[in-house]
Amino acid sequence: MHFIFDIDGTLCFDGANISPAIQDALSELEGQGHSIGFASARPYRDMLHLLDERFHHGLFVGSNGAMTWHGGALADIAPLAADTLQQLLDLAERHSASYLVDLAWHYHYQGEPGHPFMTLVDPQRRARQVARDEIHQPVKLLVTECADSDALQQALRGRDDIHIHHHSDQQIVDITAAGVDKMSALSRHGIAAEQLVCFGNDSNDLPMFRAARHSVLIGAHPQLLPHASERLARGDDVETLLIGAMRRLGERYAAR
């Protein structure tokens, strides 16, 4: 089976660490013959430092499905069209929005350098911030702050060339090319729904939850609840519950 994990709010609860105990449980799944992977709104660049090197050659679905990395190399990319990006940047500036554009590895940022979100971007300084005229194959535009978020979202509504991914923090919206989501990326990578066990906590996990053979919800997101095979309460013991579910499902779906 393929066990696919969201990162923030699923494996990582403070934005900066995945505990050694959780990482050991991931290794146990591999030892049972399962394939593991990670699917996040973060690009691959910003997942690496959270995980031990033993996992770095596995499957990473980044930027909500706009990129996949496997074996330490870029495997697949679904970039925004150049004219679409130009229109999005014009809209962002018209509505006084700060934004981050992720490329396959580097990024472009327009906003206050001290914005709290930027502490999550390239914390190990592996990439560089490029100028606007250096943007090439942008995979995602993320609005970090906007003076009139409702007006911006209204301006974006109805476009058929983009996919808008909302988060629990409604001030943060990210935008990819149309048809991009975590499940579509997994499908392009050859992972069939009946071979998928997924763990997630937010609305960007919904395509996986709708398709997966078994889905585990961390927390109580209302969009995910109807599609969750089981739910783990978010509390002080969430890590213990998570590891228990990983071990239980690893045993249930182990090849006999």
Side-chain angles (χ1 to χ4, degrees), residues 4-8 11-12 15-18 36-86 88-89 92 97-144 161-165 167 172-191 204:
I4 304 297
F5 298 86
D6 174 51
I7 297 289
D8 292 286
L11 296 180
C12 176
N17 298 280
I18 296 175
I36 65 168
F38 310 96
S40 177
R42 298 183 187 228
Y44 167 75
R45 175 197 70 226
D46 294 343
M47 290 187 261
L48 275 181
H49 70 286
L50 298 172
L51 292 153
D52 295 346
E53 288 190 4
R54 54 183 154 160
F55 304 115
H56 285 190
H57 279 68
L59 173 63
F60 290 79
V61 173
S63 298
N64 281 325
M67 59 162 66
T68 56
W69 285 74
H70 189 242
L74 183 64
D76 181 64
I77 190 170
L80 288 157
D83 57 342
T84 296
L85 179 69
Q86 183 61 57
L88 294 175
L89 296 182
S98 60
Y99 57 85
L100 174 76
V101 180
D102 272 317
L103 317 183
W105 185 258
H106 303 298
Y107 64 95
H108 170 76
Y109 176 63
Q110 181 64 42
E112 290 294 329
H115 191 284
F117 184 84
M118 294 306 292
T119 63
L120 304 177
V121 176
D122 191 28
Q124 294 193 322
R125 301 296 181 260
R126 297 170 182 248
R128 64 185 177 90
Q129 184 172 176
V130 304
R132 181 164 169 170
D133 60 4
E134 294 180 88
I135 295 175
H136 176 65
Q137 289 197 310
V139 295
K140 185 179 76 171
L141 184 146
L142 184 143
V143 176
T144 55
D161 56 344
I162 59 173
H163 186 157
I164 301 173
H165 307 260
H167 297 265
I172 295 180
V173 176
D174 61 48
I175 302 166
T176 61
V180 168
D181 60 53
K182 292 181 179 182
M183 191 63 216
S184 66
L186 293 173
S187 298
R188 292 196 306 271
H189 198 75
I191 296 177
N204 58 350

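Heavy-atom basis, side chains included; hydrogens, waters and symmetry copies ignored.
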**Item:** Rounded distance [0.5 Å steps], CG in Leu50 versus CZ in Phe55
**Value:** 12.0 Å
**Message:** With a 4.5 Å cut-off on side-chain heavy atoms, are Asn204 and Asp174 touching?
**Reply:** no
**Request:** Please say which of His108, Arg45, Arg42 ends up in a side-chain hydrogen bond (donor to acceptor under 3.5 Å, both in side chains) with Asp102.
**Result:** Arg45
**Item:** Side chain Asp181, main chain Met183, donor-acceptor under 3.5 Å
**Value:** yes
**Request:** State the CG-CZ distance between Asp46 and Arg126, to the nearest 0.5 angstrom.
**Result:** 10.0 Å
**Item:** Residues that Arg188 engages under salt bridge (Lys or Arg N to Asp or Glu O under 4.0 Å), provided they are two or more places apart
**Value:** Asp76
**pair Phe60-Leu51: side-chain heavy atoms closer than 4.5 Å** = yes
**Fill in**
Between Met67 and Leu103, the two heavy atoms sitting closest are CE-O, 3.5 Å
**Item:** 4.5 Å side-chain heavy-atom contact, Trp105 and Trp69
**Value:** yes
**Enclosure of Gln124 CD (heavy-atom neighbours >12, cutoff 6.0 Å)** = yes
**Asked** Is it true that a side-chain atom of His163 and a backbone atom of Val180 form a donor plus acceptor pair closer than 3.5 Å?
**Response** yes
**Asked** Taking all non-hydrogen atoms of both residues, which atom of Ser40 and which atom of Asp8 are closest, and how far apart?
**Response** OG-OD2, 4.3 Å
**Thr176 and Asn64 side chains, donor-acceptor separation under 3.5 Å** = no
**Request:** Could you check if a side-chain atom of Thr84 sits within less than 4.5 angstrom of a side-chain atom of Ile175, using non-hydrogen atoms only?
**Result:** no
**Prompt:** Roughly how far apart are Met118 CE and Thr144 OG1, rounded to 0.5 Å?
**Reply:** 8.0 Å
**Message:** Quick one: does any side-chain atom of His56 pair with a main-chain N or O of Leu48 as donor and acceptor, under 3.5 Å?
**Reply:** yes
**Student check: side-chain heavy atoms of Tyr107 and Asp122 closer than 4.5 Å** = yes
**Message:** Please give me the minimum heavy-atom distance between Ala185 and Gly65, naming the atom from each residue.
**Reply:** CB-O, 3.6 Å
**Request:** Using a 4.5 Å cut-off on heavy atoms from C-beta on, say whether the side chain of Ile191 contacts that of Leu59.
**Result:** yes
**Asked** Would you find more than 12 non-hydrogen atoms of other residues, nucleotides or ligands less than 6.0 Å from His57 atom NE2?
**Response** no
Could you list the donor-acceptor pairs under 3.5 angstrom formed by side chains in residues 133-143, with sequence neighbours left out?
{"residue": "Glu134", "atom": "OE1", "partner": "Arg128", "partner atom": "NH1", "Å": "3.4"}
{"residue": "Glu134", "atom": "OE2", "partner": "Ala131", "partner atom": "N", "Å": "3.0"}
{"residue": "Lys140", "atom": "NZ", "partner": "Ala41", "partner atom": "O", "Å": "2.5"}

**Item:** Single hit among Ile7, Val61, Ile18 for side-chain contact (heavy atoms from CB on, under 4.5 Å) with Met47
**Value:** Ile7
**Asked** If you look at every heavy atom in Ser98 and Gly111, which pair is closest and at what distance?
**Response** CB-CA, 3.8 Å
**Request:** Using modelled atom types only, decide if a donor and an acceptor are shared between the side chain of Ser184 and the backbone of Gly179 within a distance under 3.5 Å.
**Result:** yes
**Asked** Is the backbone N or O of Phe117 less than 3.5 Å from a side-chain atom of His115, with the two atoms forming a donor-acceptor pair by type?
**Response** yes
**Item:** Flag side-chain contact, heavy atom, 4.5 Å: Leu89 against Gln110
**Value:** no
**Prompt:** Going through the checks in order, is the side chain to side chain contact (heavy atoms under 4.5 Å, CB included) test met by Lys182 and Ile4?
**Reply:** CA-CA 10 Å; Lys182 292 181 179 182; Ile4 304 297; over 6 Å; no
**Message:** With rounding to the nearest 0.5 angstrom, report the OH to CG distance, Tyr99 to Leu88.
**Reply:** 10.5 Å
**Asked** For the atom pair CG (Leu85) and CG (Asp161), what is the distance rounded to the nearest 0.5 Å?
**Response** 11.0 Å
